[in-house]
2 protein chains.
Amino acid sequence: MSAIGFEEHDHHHCIADAMQNAEALCATNSLKFTPTRRRVLEILLDRHQAMGAYDILEVLAVEGMGSQPPVAYRALDFLVSNGLAHKIERLNAYVACSHQGEDHTPGFMICTECKTVAEVPAASVRSILGEAASQTGFRVDRAMIEAEGVCANCQEHPA
Amino acid sequence: MSAIGFEEHDHHHCIADAMQNAEALCATNSLKFTPTRRRVLEILLDRHQAMGAYDILEVLAVEGMGSQPPVAYRALDFLVSNGLAHKIERLNAYVACSHQGEDHTPGFMICTECKTVAEVPAASVRSILGEAASQTGFRVDRAMIEAEGVCANCQEHPA
DNA sequence: GACAAGTCCGTTATGTTATAACATATGCGC
DNA sequence: GCGCATATGTTATAACATAACGGACTTGTC
Ligand SMILES: [Zn+2]
Ligand SMILES: [Zn+2]
Ligand SMILES: [Zn+2]
Ligand SMILES: [Zn+2]
């Protein structure tokens with residue numbers, strides 16, 4: 001279990017990497033990785049933070065790629081549907097996926113200080129959830145796990 | 001682990017019970033269980049389903065208890081803050097708590113067919129989350145667990 | 001009882017997030 | 001080129017949520 005998001009890393013490299021992965025995934029699955037979709041993913045990767053749809057839209061607007069809400073929401077729907085991004089329900093915001101391709105039930109840790117969102121694999125959580133569910137015959141299709149708290153960095157260096 | 005919500009039960013009794021509990025809890029903690037707050041909890045208990053703030057407001061309006069959004073949101077804030085109700089982020093909706101008083105990190109199972117929401121204790125999930133978190137030094141303050149799927153009832157009797 | 005402080009409530013207005021709906025365009029197989 | 005599916009541009013609106021302010025009511029204190 002490693003959490004990208006609270007650690008220093010070669011950001012430039014990680015963007016390029018993720019974009020290449022996304023590219024490959026779309027090619028494999030005959031998905032159309034159009035300019036807007038590509039750009040929205042880049043924006044999310046660049047910030048490495050959860051962004052609201054309207055924040056993204058603002059960036060797109062500056063770049064002349066569309067200024068109406070559906071532009072952002074459609075791109076986000078595509079990215080989320082295809083596992084390239086996730087929606088953080090708690091924040092009504094979106095993040096690029098840190099574990100592209102893996103079939104994951106992601107869990108998120110949201111630092112309320114610095115707003116960083118880290119994605120952690122949560123397979124074990126899913127199994128426990130499934131166990132609880134099976135007792136009542138409930139079939140789990142999707143699970144969301146979002147924890148709010150304070151990251152190590154912000155605990156050490158309070159504002 | 002028992003899940004109220006997908007099982008038949010004496011609904012009338014369960015409402016009365018919960019209200020009495022709430023009453024007691026408010027008395028103990030010197031909280032003001034005002035008519036609006038009381039009524040909103042009753043409405044939630046009565047439906048035994050997740051309701052949007054505006055759905056609740058509609059009921060209140062019919063009964064002459066207020067017609068502006070803040071009326072509903074203030075009552076909901078009170079109920080959520082004091083553990084008498086929960087917000088389901090995924091649905092932007094609210095449910096009465098099924099385990100009043102217990103210090104719980106609740107998990108929810110949302111049936112996408114019949115819209116029923118069941119609350120299950122999720123202490124074990126929390127511990128796993130804490131474990132994952134501790135590896136990166138993240139301190140978990142609040143956790144949210146929401147599973148979407150299909151309940152036993154709806155699996156047996158598809159629409 | 002007078003007063004101050006705190007809490008709750010009514011109301012207006014506005015902010016934020018998300019989607020419906022329809023016209024237009026673009027790509028692709030045939 | 002034609003027909004179909006998919007993607008985009010655009011307008012409008014729906015759905016969810018809060019800010020802000022003044023008045024009413026409660027509660028504790030003198
Ligand atoms: Zn992911
Ligand atoms: Zn932080
Ligand atoms: Zn509860
Ligand atoms: Zn159901």
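Chain naming here is simple, since letters A, B, ... match the order of the sequence lines and numbering starts at 1 in each.
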- In plain terms, say whether B:Glu146 and A:Arg142 are close enough for a salt bridge, that is, a side-chain N and a carboxylate O under 4.0 Å apart.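 Salt bridge between B:Glu146 and A:Arg142, a charged N being under 4.0 Å from a carboxylate O: no.
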Report the distance from atom [atom1] of [X] to atom [atom2] of [N], rounded to the nearest whole Å.
X: B:Leu57; N: C:dT11; atom1: CG; atom2: C1'; value: 13 Å
X: B:Leu76; N: D:dC16; atom1: CG; atom2: C1'; value: 12 Å
X: A:Asp77; N: C:dT17; atom1: CG; atom2: C1'; value: 13 Å
X: A:Arg38; N: D:dT8; atom1: CZ; atom2: P; value: 11 Å
X: A:Leu31; N: C:dG27; atom1: CG; atom2: P; value: 17 Å
X: A:Ile56; N: C:dT16; atom1: CD1; atom2: C1'; value: 15 Å
X: B:Leu60; N: C:dT11; atom1: CG; atom2: C1'; value: 16 Å
X: A:Glu89; N: C:dT17; atom1: CD; atom2: P; value: 13 Å

- Identify whether a stacking contact exists between B:Tyr54 and D:dC16, where the ring centres must be under 5.5 Å apart and the planes under 30° apart.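 It does: the ring sits over the base of D:dC16.
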For [N], does OP1 or OP2 lie under 4.0 Å from any side-chain N or O of [X]?
X: A:Lys87; N: C:dA18; result: yes
X: B:Arg74; N: D:dA17; result: no
X: B:Thr34; N: C:dC9; result: yes
X: A:Asn92; N: C:dT16; result: no

- Item | Which nucleotide in D:dC16, C:dG10, D:dA19 has an atom nearest any side-chain atom of B:Pro70 |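 Of the options given, the side chain of B:Pro70 lies nearest D:dA19.
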- Task: Would you indicate which nucleotide in D:dT8, D:dA17, C:dT17 comes nearest to any side-chain atom of B:Tyr73?
- Result: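 That would be D:dA17.
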- Message: In terms of relative ring orientation, are A:His48 and A:His11 parallel, tilted or perpendicular, with 30° and 60° separating the classes?
- Response: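 Tilted, since the angle between the ring planes falls between 30° and 60°.
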- Task: Take B:Val71 and B:Lys32, find for each the nucleotide of DNA chain C with the closest heavy atom, and name the residue whose nucleotide sits nearer the 5' end.
- Result: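 By nearest-heavy-atom nucleotide position, the 5'-most residue is B:Lys32.
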- Tell me, with the steps shown, if A:Asn82 and A:Asn29 meet side chain to side chain contact (heavy atoms under 4.5 Å, CB included). CA-CA 10 Å; A:Asn82 296 292; A:Asn29 297 79; over 6 Å; no
- Message: Quick check: do A:Glu23 and A:Arg38 have side-chain heavy atoms less than 4.5 Å from each other?
- Response: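 They are in side-chain contact.
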- Query: So, B:His86 versus B:Tyr94, ring centres under 6.0 angstrom or not?
  - Reply: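 Aromatic pair excluded; centres sit 6.0 Å or further apart.
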- Query: Which part of the nucleic acid does B:Tyr94 contact within heavy-atom distance under 4.0 Å: base, sugar-phosphate only, or nothing?
  - Reply: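 If one applies the 4.0 Å heavy-atom cut-off, B:Tyr94 turns out to touch the sugar-phosphate alone, with no base involved.
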